[in-house]
There are 2 protein chains.
Amino acid sequence: MVETGELTAGSRLNENSLAARLGVSRGPIREACRGLEQGGLVTLIANRGFFIRELESREAAELYEIRGALYALAGRILAPKITVKQAAELQGYIDTMQGAVAENNLNVFYPTNLRFHEAIVQFSGNERLMSECVSIHREMHLFRRRTLDIPGRMSISNEEHRTILKWLVEHDADKAAAELEHHVLTSREVLFGPMGAYPKEGS
Amino acid sequence: MVETGELTAGSRLNENSLAARLGVSRGPIREACRGLEQGGLVTLIANRGFFIRELESREAAELYEIRGALYALAGRILAPKITVKQAAELQGYIDTMQGAVAENNLNVFYPTNLRFHEAIVQFSGNERLMSECVSIHREMHLFRRRTLDIPGRMSISNEEHRTILKWLVEHDADKAAAELEHHVLTSREVLFGPMGAYPKEGS
DNA sequence: ACGTTCAATTTTGTTGACAATATACAAAAA
DNA sequence: TTTTTGTATATTGTCAACAAAATTGAACGT
């Protein structure tokens, strides 16, 4: 519901409504919310209930840094062992995105871009890394302002994808990792400024 | 309870016992367990209950890699902005550990080592990174075999600490990050073999 | 001695009820 | 008109009870 935008950040979760809506009682609802709480999607305020979490600029900036490090790790692991088939799949995504750039179609670019990065993490074989990345991606949905809709970003972004794939197929782990980290952190800097500097709320 | 060893990996959590023991009913117990489940400390098997999670070799190996990347990130962020006071604190930990090495005292070395790494993450200022690291450390408790008790490891480990601090005070982010990653991954390799290779259960 | 079957017991999953707390709203006072 | 106060309502936090599933253990047969 958070991903579909049905539940907007900051809104309260009414346990009774949700229970009625899903046809169960409040117990399972609360259990599920406790899970989401640990996953960072909701926060619990005592005697007031569960609220869809609001991701402040500071926290979003922190998540970007972490995501960059994790993607870099994925690239570092994958580079020495990437197969031609895997490389071909990644190339396919790049081609799709190139088409999206041509017609300025963000609705194609965005999910393909996600899939591209997800594939790298998946190919790394580190399953925990994979679940960590999707968890972070979920949490990112709670941050309103997105990147990539800045003019020209799509094109630059896909150039970087090409570079990433190049280093991967050349089995250069360090270069691939560095480029992946750079790739993610570029978006971060466009939004928040240099690494290690965390914006106060409102910037 | 997991950290104190009171609850051992693989054991089942009896909701009734826990409820009676903590003086509450089963509802809050189940909610707490749903939180721990998302945190990776327990797993739920349908109609059989919550079990303290067993961390297989494969998953431990994966966690080492992730932890390495996160510590490296912390070092990368901290290097450009480390203060003399922070450096002095880190040096203090290194000195303490040196004493522990001299008398072969793992009970001093281990917590100080933990504090050393925690401090670097804390000084980075990325709060989410901090909570992620303690979460991973918690989960590591579920893996039986530890490192560092291998003869000579403590001494080598503290040498690496010195190198890490050196690069930090010289504000060399790349070198500090690389050394931190190497530092964590060394332990990983001693236990599991090269990066990207994930052991089957039993190895 | 070993495995199987079946009833008794335990334990989980879910529910509805109740007390404590917070929210909303109207009336009274400044 | 604005602020405050008091009351009614709604919501959370917790509990005890019940149904469904799994576990246990004894009786039984091979």
Side-chain angles (χ1 to χ4, degrees), chain A residues 1-56 59 127-128 131 134-135 138-139 141-144 201-202, chain B residues 1-56 59 127-128 131 134-135 138-139 141-144 201-202:
Chain A
M1 290 187 188
V2 171
E3 285 189 32
T4 62
E6 186 174 352
L7 289 176
T8 164
S11 63
R12 196 180 114 258
L13 292 183
N14 189 315
E15 298 180 4
N16 287 317
S17 318
L18 265 181
R21 191 132 179 290
L22 302 181
V24 293
S25 77
R26 283 176 51 217
I29 296 289
R30 285 181 63 90
E31 287 183 24
C33 286
R34 281 327 245 272
L36 294 180
E37 183 187 27
Q38 207 66 23
L41 285 197
V42 304
T43 54
L44 174 62
I45 304 181
N47 291 319
R48 291 202 41 207
F50 293 93
F51 292 78
I52 304 292
R53 177 142 167 260
E54 300 205 61
L55 206 57
E56 298 172 12
E59 295 170 292
E127 294 177 14
R128 178 56 178 273
S131 66
V134 311
S135 170
R138 281 233 178 79
E139 208 167 330
H141 270 98
L142 301 177
F143 185 65
R144 288 182 202 79
E201 189 48 24
Chain B
M1 291 188 190
V2 171
E3 286 190 30
T4 63
E6 186 174 352
L7 289 177
T8 164
S11 61
R12 194 181 116 258
L13 292 183
N14 188 316
E15 297 179 6
N16 288 316
S17 317
L18 264 180
R21 191 135 179 288
L22 302 181
V24 293
S25 77
R26 285 174 50 215
I29 297 289
R30 284 181 64 90
E31 286 182 24
C33 287
R34 281 327 246 271
L36 294 180
E37 183 187 26
Q38 207 65 23
L41 283 197
V42 305
T43 54
L44 174 62
I45 304 180
N47 291 319
R48 291 204 39 207
F50 292 94
F51 292 78
I52 304 291
R53 178 143 165 260
E54 300 205 61
L55 206 58
E56 298 170 11
E59 296 170 292
E127 293 177 14
R128 178 55 177 274
S131 66
V134 312
S135 170
R138 281 234 176 77
E139 206 168 330
H141 270 98
L142 301 177
F143 186 64
R144 288 183 203 78
E201 190 45 24

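Quick caveat, the model's predicted, so the values are computed rather than measured. Numbers restart at 1 for each chain; the letters A, B, ... are given by sequence-line order, proteins then strands.
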For residues 39-52 of chain B, please give each side-chain donor-acceptor pair under 3.5 Å, one per line with the distance, not counting sequence neighbours.
none

Euclidean distance, B:Glu54 CD relative to B:Glu59 CD, rounded to 0.5 Å
10.0 Å

When rounded to the nearest 0.5 angstrom, what is the spacing between SG in B:Cys33 and CD in A:Glu31?
9.0 Å

Working for side-chain contact (heavy atoms from CB on, under 4.5 Å), residues A:Leu13 and A:Met1:
CA-CA 11 Å; A:Leu13 292 183; A:Met1 290 187 188; over 6 Å; no

Run the side-chain contact (heavy atoms from CB on, under 4.5 Å) test on B:Ser135 and B:Arg138 for me, step by step, so that the C-alpha distance in whole Å, both residues' side-chain angles and the decisive distance to 0.1 Å come before the verdict.
CA-CA 5 Å; B:Ser135 170; B:Arg138 281 234 176 77; 5.7 Å; no

Distance (rounded to the nearest 0.5 Å) between B:Glu56 CD and B:Leu142 CG:
12.0 Å

Rounding to an integer number of Å, can you tell me how far A:Leu22 CG sits from C:dT15 P?
11 Å

Any chance you could list the contact pattern along nucleotides 5-19 of chain D? Use B for base contacts, S for sugar-phosphate-only contacts and - for none, protein heavy atoms under 4.0 Å, 5' to 3'.
------SBBBB-B--

In plain terms, say whether B:Glu15 and B:Arg30 are close enough for a salt bridge, that is, a side-chain N and a carboxylate O under 4.0 Å apart.
yes

Specify the angle, to 10°, made by the local axes at the two ends of the helix from C:dA1-D:dT30 to C:dA30-D:dT1 when five pairs are taken at each end.
20°

Mind checking the CG-CD1 spacing from B:Leu22 to B:Ile29? Nearest 0.5 Å is all I need.
4.5 Å

